[in-house]
A.B. asks: 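Please find one structure pasted underneath; my questions will follow.
Note that these values count all heavy atoms, side chains included, but never hydrogens, waters or copies made by symmetry. Throughout, protein chains are lettered first and strands after them, A, B, ... in sequence-line order, and every chain is numbered starting at 1.
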There are 4 protein chains.
Amino acid sequence: MTSRKQEKFEMILDAAEKVIAENGFHGSQVSKIAKEAGVADGTIYLYFKKKEDILISLFEDRLGKLVALFNASIEESSTAAEALRKVCEIHFTQLEQNVNLAYVTQIELRQSSLELRKAIGLSVKPYIQLIENILIRGIAEKSFRADLDTKLTRHLLFGAMDEVVTSWLISGRKYSLSAQVDKTVDFFLRGLK
Amino acid sequence: MTSRKQEKFEMILDAAEKVIAENGFHGSQVSKIAKEAGVADGTIYLYFKKKEDILISLFEDRLGKLVALFNASIEESSTAAEALRKVCEIHFTQLEQNVNLAYVTQIELRQSSLELRKAIGLSVKPYIQLIENILIRGIAEKSFRADLDTKLTRHLLFGAMDEVVTSWLISGRKYSLSAQVDKTVDFFLRGLK
Amino acid sequence: MTSRKQEKFEMILDAAEKVIAENGFHGSQVSKIAKEAGVADGTIYLYFKKKEDILISLFEDRLGKLVALFNASIEESSTAAEALRKVCEIHFTQLEQNVNLAYVTQIELRQSSLELRKAIGLSVKPYIQLIENILIRGIAEKSFRADLDTKLTRHLLFGAMDEVVTSWLISGRKYSLSAQVDKTVDFFLRGLK
Amino acid sequence: MTSRKQEKFEMILDAAEKVIAENGFHGSQVSKIAKEAGVADGTIYLYFKKKEDILISLFEDRLGKLVALFNASIEESSTAAEALRKVCEIHFTQLEQNVNLAYVTQIELRQSSLELRKAIGLSVKPYIQLIENILIRGIAEKSFRADLDTKLTRHLLFGAMDEVVTSWLISGRKYSLSAQVDKTVDFFLRGLK
DNA sequence: TATGAATGAGTCTTCATTCAT
DNA sequence: AATGAATGAAGACTCATTCAT
């Protein structure tokens, strides 16, 4: 039962991702998502209370999976610098390999209401926190400056990576995103040390 | 005549800025903007072809003024490093002093259609270019690394500053934004040298 | 299912006929038609793509039924002259008995856009053709002149009948329309023989 | 003064005729007519009380000129049959030579409100009356049947000619309209004698 | 659980008309 | 007489959500 429910829940999320990537945020009506998912419009409301909840769940689910990837990699990393490199690598590589997801997160979901954006912000928070943890670890390791403002710097790093992904998308993906990892991390580490 | 027309044009832009900041993008009906500007609904359409054009003009106008400020300051700067500091200072200070504008640029205008975002992107481009010019100047001055990828780095810098402003806003402006300039520029310069 | 859909489709057409006859073309808002039909405004758009489509469907439906009547009668007619009399009789009698329909076809629907009028023209064509077929039959029977220009004459006959109906309506229906059949057909037959 | 006023009055009528023929009834805004006439929008309202009045005046003026032509020709005619031929000839020839006028009278002006159409009907009445007078004259001359219902027949004749013009226009004017005069009048005269 | 027909609130835009200059 | 900037009423259409089956 629950697994069956879970299954349909994910079918709807997959459908939403595809529909939004193909039609844009404003072209993604509930009826279109329902059709893509192979269910009736009303069925959507057995799994989600409001349309917005689909989008929030979508973002939570996808970002949750990324954060899990991050955590696994970080544990394997012997230094904070290595962990930071891993984070940037996963960030760029995953979005490069999943263009639909990239469009949805970088372009489409940002067109939503303030309320939705706040909910999305909650999903991003663990990621921002994860970056800060690496900074704290680096300071403890004495590989990063002790006078770093970790609250500020975590935003500098996230914002920088985020913008690089967005500009890569808007440019039409004319170059390799993952090829930007080394130069990006290099810039970060010089700033941190 | 023209000045009178220009005057009303700006009255509408001011009204739009205020209404959007107060009600959010989706709560800003044309009728509300007209009322705030003290004109009839139809009058809006003597100055703007479509509702979207109000937003595009608003962004162009405000960002244009900022870029003018940037240009003036940069000319006075004797070094690229100093110019970069000026840019960050103006970026943070102006938005801190004009919270309505900050809300509109960081939160509301990003909720718009792809078409509008493209138009906005055109307004941002000169700013991104201005940052790159500083980088090029720094390399020429030999104060920045010669192996910098200026195309990538301009996005790293812009994205970092942009995210700092947004997180400051979302946090409820609980701390001083301009107080972040030194640490931000310090991080940048270490990465650039 | 389909019959239920068909049922509502016709309820809307009936409502549209009544509303247009009572309020005129320009006074017939979608909301008024919906109210008369006892459905919500949005329901209209489950059955018709645009407002104009209601009018086209209305015309097609009503004229289609008339043409069916014509065809049945003509088959029973032993001569072309008799068939022509039947056509005129049905034309006048039907519109006299259904004043709402008469108003809609003679007055209101002619106020529509060129696009709509073209669609309506397509519905009238079978009727014009039917008249021409009678002319051809009459020539074959040698009861009508062999030198008749059937393409021209079908318009002369249709236009004459059409104008008689319109002037009867505009006059305020102060006399019997069906009482004009004999004299009208008499005039026609003299011209045709 | 008055002649100067008259002059501008006619400039506006000419402009309206051209604009309606080119843009259709619904595409003919007051501002467009004003521009074509070379006056300001407000100036229109010094000569016409409402937009509708432009159209009514246009129809009155043009049809008035036609009726004058008819009257002149009829006086020259020695028989009612000849007069009827003249009428049909002028009707077809004038509209064939003035396609703009033909479009405006046959297609565009019929898309107007009931009120306007009634006003236009008043302009048509003298023409209908003129046709009836010919019929009466023919009966007096004993060249037409004494049992003719002149009230009915005048509509049969007008409607027939009107429809022939309209179908010629809608067909794209692929054939000569004036070439239809002989056959049309022939049909009429057979019906009348 | 699932369906999908029905609902109805909500808004941009046009354009005839006015009136201060 | 002439201007043209300003007015503001009016309406088609969409789509998230519900509920009878």
Side-chain angles (χ1 to χ4, degrees), chain A residues 1 4-5 8 26-35 37-55 113, chain B residues 1-2 4-5 7-9 12 26-35 37-54, chain C residues 1 4-5 7-9 12 26-35 37-54, chain D residues 1 4-5 7-8 26-35 37-55 113:
Chain A
M1 302 304 138
R4 195 164 168 184
K5 192 156 190 171
K8 201 163 270 189
H26 288 109
S28 298
Q29 295 80 359
V30 169
S31 60
K32 221 179 249 173
I33 295 173
K35 196 173 186 182
V39 300
D41 295 14
T43 305
I44 298 274
Y45 289 85
L46 299 175
Y47 296 86
F48 302 90
K49 205 176 172 196
K50 300 170 54 186
K51 182 187 182 185
E52 223 167 49
D53 291 347
I54 309 176
L55 306 176
S113 70
Chain B
M1 305 303 141
T2 300
R4 196 161 173 180
K5 193 153 191 172
E7 210 174 277
K8 200 160 271 188
F9 181 88
I12 296 173
H26 289 107
S28 298
Q29 295 82 354
V30 169
S31 59
K32 221 178 249 172
I33 294 173
K35 199 173 185 180
V39 300
D41 295 15
T43 305
I44 298 277
Y45 289 86
L46 296 177
Y47 295 87
F48 302 90
K49 210 175 173 200
K50 299 170 52 187
K51 183 186 181 186
E52 222 167 51
D53 290 348
I54 308 177
Chain C
M1 307 302 140
R4 196 162 173 178
K5 194 152 191 173
E7 210 175 277
K8 201 162 271 189
F9 180 88
I12 296 173
H26 289 108
S28 298
Q29 295 81 356
V30 169
S31 59
K32 219 177 252 174
I33 295 173
K35 199 172 186 182
V39 299
D41 293 17
T43 304
I44 298 277
Y45 290 88
L46 297 176
Y47 296 86
F48 302 91
K49 210 175 173 199
K50 300 169 52 187
K51 183 187 180 187
E52 220 167 53
D53 289 348
I54 308 177
Chain D
M1 299 304 139
R4 195 165 168 182
K5 192 155 189 172
E7 208 175 279
K8 201 163 269 190
H26 288 109
S28 297
Q29 295 80 1
V30 170
S31 59
K32 220 177 249 172
I33 294 172
K35 197 173 186 182
V39 300
D41 295 15
T43 305
I44 297 275
Y45 288 86
L46 298 175
Y47 295 87
F48 301 91
K49 205 176 173 196
K50 299 171 55 187
K51 182 188 182 185
E52 224 167 47
D53 290 346
I54 309 175
L55 306 176
S113 69

A.B. asks: Please report, rounded to the nearest Å, how far the C1' atom of E:dA5 is from the CD atom of C:Glu7.
C.D. replies: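 Distance, rounded to whole Å: 14 Å.
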A.B. asks: Please state the P separation for the pair E:dT1 and F:dT21 - nearest whole angstrom.
C.D. replies: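 Roughly 22 Å separates the two P atoms.
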A.B. asks: Without decimals, in angstroms, what is the distance between D:Glu52 CD and E:dC15 P?
C.D. replies: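 Spelled out: CD on D:Glu52 to P on E:dC15 is 17 Å.
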A.B. asks: Hey, what do you get for CD1 (B:Ile54) to CD1 (B:Ile33), rounding to the nearest 0.5 Å?
C.D. replies: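 Interatomic distance, B:Ile54 CD1 to B:Ile33 CD1, rounded to 0.5 Å: 4.5 Å.
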A.B. asks: In whole Å, I'd like the distance from the CD1 atom of B:Ile12 to the C1' atom of F:dA6.
C.D. replies: 11 Å
A.B. asks: Can you name the residues that form a side chain to side chain contact (heavy atoms under 4.5 Å, CB included) with A:Val39, not counting sequence neighbours?
C.D. replies: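 Counting only residues at least two positions away or on another chain, A:Val39 forms a side chain to side chain contact (heavy atoms under 4.5 Å, CB included) with A:Lys8, A:Ala34, A:Ala37, A:Thr43, A:Ile44.
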A.B. asks: Just to confirm, is there a sub-4.0 Å distance from OP1 or OP2 of F:dA1 to any side-chain nitrogen or oxygen of D:Lys5?
C.D. replies: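 For F:dA1, OP1 or OP2 has a side-chain N or O of D:Lys5 closer than 4.0 Å.
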A.B. asks: Roughly how many Å is it from OH in C:Tyr45 to P in F:dC15, rounded to a whole number?
C.D. replies: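 That distance rounds to 13 Å.
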A.B. asks: Not counting sequence neighbours, which residues clear ring-ring contact (aromatic ring centres under 6.0 Å, His included) with D:Phe48? List them please.
C.D. replies: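 D:Phe48 satisfies ring-ring contact (aromatic ring centres under 6.0 Å, His included) with D:Phe9 only.
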A.B. asks: Please name all residues satisfying side chain to side chain contact (heavy atoms under 4.5 Å, CB included) with A:Lys32, sequence neighbours left out, ordered by chain then number.
C.D. replies: A:Val19, A:Asn23, A:Gln29
A.B. asks: Can you list the residues that meet the side chain to side chain contact (heavy atoms under 4.5 Å, CB included) rule with D:Lys50, with sequence neighbours excluded?
C.D. replies: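 For D:Lys50 the side chain to side chain contact (heavy atoms under 4.5 Å, CB included) partners, ignoring immediate neighbours, are D:Glu52, D:Asp53.
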A.B. asks: From CD1 of B:Ile54 over to P of E:dT11, roughly how many Å is that when rounded to an integer?
C.D. replies: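 One finds 15 Å between P of E:dT11 and CD1 of B:Ile54, rounded.
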A.B. asks: Give the rounded distance in Å between these two atoms: CZ of B:Phe48 and C1' of E:dC12.
C.D. replies: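 Taking CZ of B:Phe48 and C1' of E:dC12, I get 16 Å after rounding.
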A.B. asks: Give me the distances for all protein-to-nucleotides 7-11 of chain F N/O pairs that come in under 3.5 Å?
C.D. replies:
{"from": "F:dT7", "atom 1": "OP2", "to": "B:Ala40", "atom 2": "N", "distance (Å)": "2.9"}
{"from": "F:dT7", "atom 1": "OP2", "to": "B:Thr43", "atom 2": "OG1", "distance (Å)": "2.2"}
{"from": "F:dG8", "atom 1": "N7", "to": "B:Gly42", "atom 2": "N", "distance (Å)": "3.2"}
{"from": "F:dG11", "atom 1": "OP1", "to": "C:Gln29", "atom 2": "NE2", "distance (Å)": "2.7"}

A.B. asks: Nearest 0.5 Å, what's the OH-NZ distance between A:Tyr45 and A:Lys51?
C.D. replies: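 A:Tyr45 OH to A:Lys51 NZ: 8.0 Å, rounded to 0.5 Å.
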A.B. asks: Figure out the NZ/C1' separation between D:Lys49 and E:dT17, and round it to whole Å.
C.D. replies: 13 Å
A.B. asks: Is the phosphate of E:dA2 approached by A:Tyr47 (side-chain N or O, under 4.0 Å from OP1 or OP2)?
C.D. replies: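 A:Tyr47 to E:dA2 OP1/OP2: side-chain N or O found under 4.0 Å.
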A.B. asks: Expressed in angstrom and rounded to an integer, what is the separation of A:Lys35 atom NZ from E:dA5 atom C1'?
C.D. replies: 16 Å
A.B. asks: Toss me the dot-bracket line for DNA chain E: Watson-Crick and G-U wobble, both under 3.5 Å, 5' to 3', using | for pairs to another strand and [ ] for crossers.
C.D. replies: .||||||||||||||||||||
